[in-house]
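Next up is a structure, given as structure tokens.
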Amino acid sequence: MKIAEQLFGQNISVKNANLHYGEFQALKNISIEIPEKEITAFIGPSGCGKSTFLKCFNRMNDLVAGCKIEGEFRIGETDIYAKETDVNALRKNVGMVFQKPNPFPMSVYDNIAYGPRTFGVRKRAELDGIVESSLRAAAMWEELKDRLDKSALGLSGGQQQRLCIARALSVKPKIILMDEPTSALDPISTGKIEELCDELKKTTTIVIVTHNMQQAARISDRTGFFLLGKLVEYGDTDKIFTSPKDERTERYITGRFG
Amino acid sequence: MMTNTKVKEKIGKSAFTAAAVLCIIAVAAIFVFLIVKSLPAFKKIGFFDFLLGDNWSPDKGDTYAGESLAGSYGIFTMIVGTLAATVGALLLGGVFGYFTAVFLAYFCPRRLKRVFSSVINLLAGIPSVVYGFFGIVFLLSKLSVIAPNNGSGLLATSIILGIMILPTVVSLSRTSLEAVPRSYYEGAVALGATHTQAVFKTCVPAAKSGITASLVLGVGRALGETMAVVMVAGNSPTYPNSLFNSFRVMTANIVMEMGYAGEVQEGALVATGVVLLLFVLVVNLLFSLVSKKTVRAAVKPKNKTVVRKKTFHGVARLRDRFGNIAYKLKTSYIGRAFAIGAGVLSGGILVLVIGFIFAQGLPHLLKNPKILYGKFEFGSENITIFPSIVSTLMAVGLSLLIAIPIGVMTAIFLNEYARKENIFIRIVRSAIDILSGVPSIVYGLFGMIAFVGLLGGKSSILAGSLTISIMLLPTVVRSTEESLKSVADSLREGSLALGAGKMRTIFKVVLPSALPGILSAIILSIGRVISESAPFMYTMGSVITATPSSYLDSGATLAVALYRLAGEGWYMQEAYATAVVLIALVLGLNLFAEWIGGRLRKKLKGTEQ
Ligand SMILES: Nc1ncnc2c1ncn2[C@@H]1O[C@H](COP(=O)(O)OP(=O)(O)OP(=O)(O)O)[C@@H](O)[C@H]1O
Ligand SMILES: [Mg+2]
């Protein structure tokens with residue numbers, strides 16, 4: 001079997017997105033264009049819908065019972081909510097890193113090999129190659145090459161999170177979604193992951209949710225500010241942080257609410 | 001290629017659903033078979049004559065076609081007997097279990113706690129025939145000194161049943177006692193109550209519903225118990241007029257006569273099973289009513305604020321109470337003495353049961369180890385339990401092969417595919433609840449009517465294994481489901497986010513993490529097959545002399561063999577040796593379970609580098 005390929009572009013385009021959890025409307029009429037190979041940050045107070053919006057891009061919201069999504073979501077030319085779109089292929093192309101590191105309870109090697117194996121890679125040599133390149137891409141190869149067969153659960157929190165990034169990279173995603181990837185980590189681990197993002201954006205589109213204003217300012221090219229399910233302001237990070245157009249954005253980034 | 005995955009997903013889901021449907025079918029089949037088989041008897045005998053008649057003297061010649069009945073089929077004495085034995089068990093085992101639970105929760109030194117928990121677990125694991133055997137060789141012989149008869153009767157039955165329901169009562173009571181917020185206790189002590197007062201006046205009342213539920217569960221267990229009772233009750237179909245007269249319970253009625261029953265008699269025995277089943281179902285319903293509101297709330301408080309509110313309320317109420325009581329009783333030694341006494345005594349019982357049987361049986365076993373592996377020679381003095389060992393192993397193997405896949409798949413269905421409640425899921429859950437409540441002798445009846453019937457009327461290891469498999473299902477489903485629940489959702493999300501399908505996620509990520517639960521289900525199941533005897537008597541057969549060579553042969557498991565050996569009274573040494581083997585197996589399984597459980601958990605936590 002070959003690794004499943006389906007043509008997805010690397011830019012995301014959303015028009016008039018509305019999302020309901022049962023009766024509750026979590027996203028209100030959001031439209032956004034996310035360019036390829038840049039880092040886009042979503043900021044906003046807790047509960048404003050950042051994670052919900054992020055999870056629309058790899059259809060993780062499909063798992064939530066009672067979740068209704070309207071609007072147009074395109075990655076490249078592909079309508080990701082179209083009937084003929086294969087969810088698994090979508091998720092292979094749109095990787096995700098979660099807030100809390102979630103390595104599988106298996107060895108480091110098997111964690112990384114999980115994705116490729118899912119898509120039919122069986123040959124040991126090929127897997128070895130993928131494991132090494134993924135770990136290298138996550139700047140972990142030197143650290144981990146001697147403990148590939150040890151349980152991933154024995155790693156530190158920061159290492160686990162970078163392992164999860166390596167795991168996400170193992171299927172060569174074109175886009176990576178990160179939901180507060182550093183909120184459970186110490187500053188040093190956070191720094192490493194930020195460097196990593198900077199490196200990854202050469203080839204990959206990154207969308208990151210963060211509560212850390214400095215982080216957004218440091219690493220992102222574009223920033224979107226969410227409030228109560230609405231995208232209040234979206235634009236170049238420099239602009240957003242130096243001269244926001246909306247008063248609510250300004251109040252939020254200067255720490256006066258949220 | 002992608003469609004390939006889709007097809008796999010579809011097949012997987014259908015298979016899991018099918019397993020769940022099987023559980024429903026099992027329950028339906030039990031009811032249908034029992035009712036169909038008993039209805040003619042109810043009709044022929046007359047519903048009220050059957051329930052309220054107190055004369056049981058069956059005639060083998062009675063047929064449904066015959067004009068009238070020569071025999072008489074009233075089970076009222078047995079209904080009374082069953083209730084009396086249950087009340088007796090509750091008085092002894094319930095009260096005793098209650099104090100033991102209080103002891104474990106509040107008076108037991110921390111280091112001893114683990115020991116006592118293991119003791120209680122072991123008590124729960126000892127096969128009921130072993131209790132019955134202990135009853136015969138120890139209890140009856142001691143009681144016969146003061147009894148006008150050989151010691152059998154209501155007292156002996158109540159004592160044995162009391163011991164048997166003890167673990168049930170203790171473990172659930174203890175869970176709910178330990179779930180009482182610490183602040184209750186602290187509130188009481190802060191008001192000047194002593195430790196004992198705080199425990200009995202504050203913590204115990206707070207756990208009242210959990211304790212009640214545990215007693216109800218114990219009642220269910222006592223109602224359905226068969227073999228142990230058969231061995232010490234005497235079994236004459238008369239009322240239990242005194243502590244020492246032979247009487248019969250409903251379960252015993254079935255076991256005693258099923259082997260050689262005439263047509264109407266057989267129907268009447270199945271009808272006895274139906275009445276018994278109704279009793280147990282009512283008790284179980286009662287249990288879910290009692291426990292629904294409070295035990296679950298007590299065991300896992302939904303959110304903290306509620307608990308805190310309750311605490312304030314509790315403390316306020318306390319103040320009023322202790323206004324009076326704290327002055328009156330400075331200390332109360334009685335409660336403490338009871339609790340500690342109960343704890344020590346239940347440990348003592350285990351030591352006594354195991355010690356006595358080992359002391360008698362082990363020397364014989366060591367002197368004559370051939371009993372384990374020697375060939376059985378008919379008519380010779382060389383009784384061996386080799387045939388029973390083979391039968392037991394065969395039954396264990398096949399029933400695991402049936403029950404584990406179906407049970408695990410049902411659990412997967414319930415936990416992975418059915419997160420939103422709907423009618424179907426509720427039916428599956430009630431089916432499993434009902435299965436877990438059906439008394440073992442009723443499974444035996446069902447197996448006899450259904451499987452033995454289907455397999456040509458001859459008892460066989462196949463029929464026995466099928467029967468016990470159904471009985472294992474609820475244990476397997478629950479144990480697996482618990483461990484599936486404990487697998488973090490973030491792992492599922494991690495797998496799905498990589499593009500893996502649901503099947504792959506379940507088999508590669510969820511199930512491996514749930515392995516400890518599945519393993520404990522397997523071990524529990526093995527223990528169950530080894531310990532049970534009532535479901536096997538008439539499905540697998542009770543012939544202990546022939547080594548089975550195929551699954552279509554009949555054969556007695558070790559537990560059934562012990563019943564036969566002890567019942568016939570000729571081969572007491574061999575019976576002791578069999579009991580030793582049974583206890584050793586159960587002990588070994590318990591130890592193994594603890595060991596492997598610890599290891600696996602460590603491995604999954606990643607502490608093992
Ligand atoms: N599965 C769900 N079912 C119902 N409501 C949900 C669900 N998930 C999220 N919500 C609600 O939707 C809103 C947006 O939630 P979301 O998790 O997207 O917020 P967030 O911006 O990521 O917040 P945080 O910064 O705390 O992570 C919240 O009000 C939340 O309560
Ligand atoms: Mg979030």
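So you know, we letter chains A, B, ... as the sequences are listed, proteins then strands, and number each from 1.
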Okay, Leu63(A) and chain B: the region with an atom under 4.5 Å from a heavy atom over there is side chain

Show, in sequence, the C-alpha distance, side-chain angles and deciding distance for Phe424(B) and Phe413(B), and conclude whether the ring-ring contact (aromatic ring centres under 6.0 Å, His included) test is met. CA-CA 11 Å; Phe424(B) 177 59; Phe413(B) 172 76; 5.6 Å; yes

Against chain B, label Pro173(A) side chain, backbone, both or neither, depending on which of its atoms sit under 4.5 Å from a heavy atom there. neither

Interface moiety of Arg117(A) toward chain B, non-hydrogen atoms closer than 4.5 Å: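 Both backbone and side chain of Arg117(A) come within 4.5 Å of chain B.
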
Under the side-chain contact (heavy atoms from CB on, under 4.5 Å) rule, what do His20(A) and Ile69(A) come out as? Steps first, then yes or no, please. CA-CA 7 Å; His20(A) 292 258; Ile69(A) 301 169; over 6 Å; no

Between Tyr114(A) and Arg504(B), which heavy-atom pair has the shortest distance, and what is it?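 Here Tyr114(A) and Arg504(B) meet closest at O-NH2, 3.0 Å.
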
Answer with side chain, backbone, both or neither: which region of Phe98(A) has an atom nearer than 4.5 Å to a non-hydrogen atom of chain B?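 Side chain only.
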
Contact part of Val97(A) toward chain B, heavy-atom cut-off under 4.5 Å: side chain, backbone, both or neither?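 For Val97(A), no heavy atom lies under 4.5 Å from chain B.
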
Nearest-0.5 Å distance, CD1 of residue Ile206(A) to CD1 of residue Ile219(A):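 It is 7.5 Å, given to the nearest 0.5 Å.
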
Can Met60(A) and Glu493(B) be said to form a side-chain contact (heavy atoms from CB on, under 4.5 Å), step by step? CA-CA 8 Å; Met60(A) 287 301 272; Glu493(B) 285 175 358; 3.7 Å; yes

Do you know which of Lys55(A), Arg59(A), Arg167(A), Gln99(A) has the most heavy-atom pairs under 4.5 Å to chain B?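 If we count pairs closer than 4.5 Å to chain B, Arg167(A) comes out on top.
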
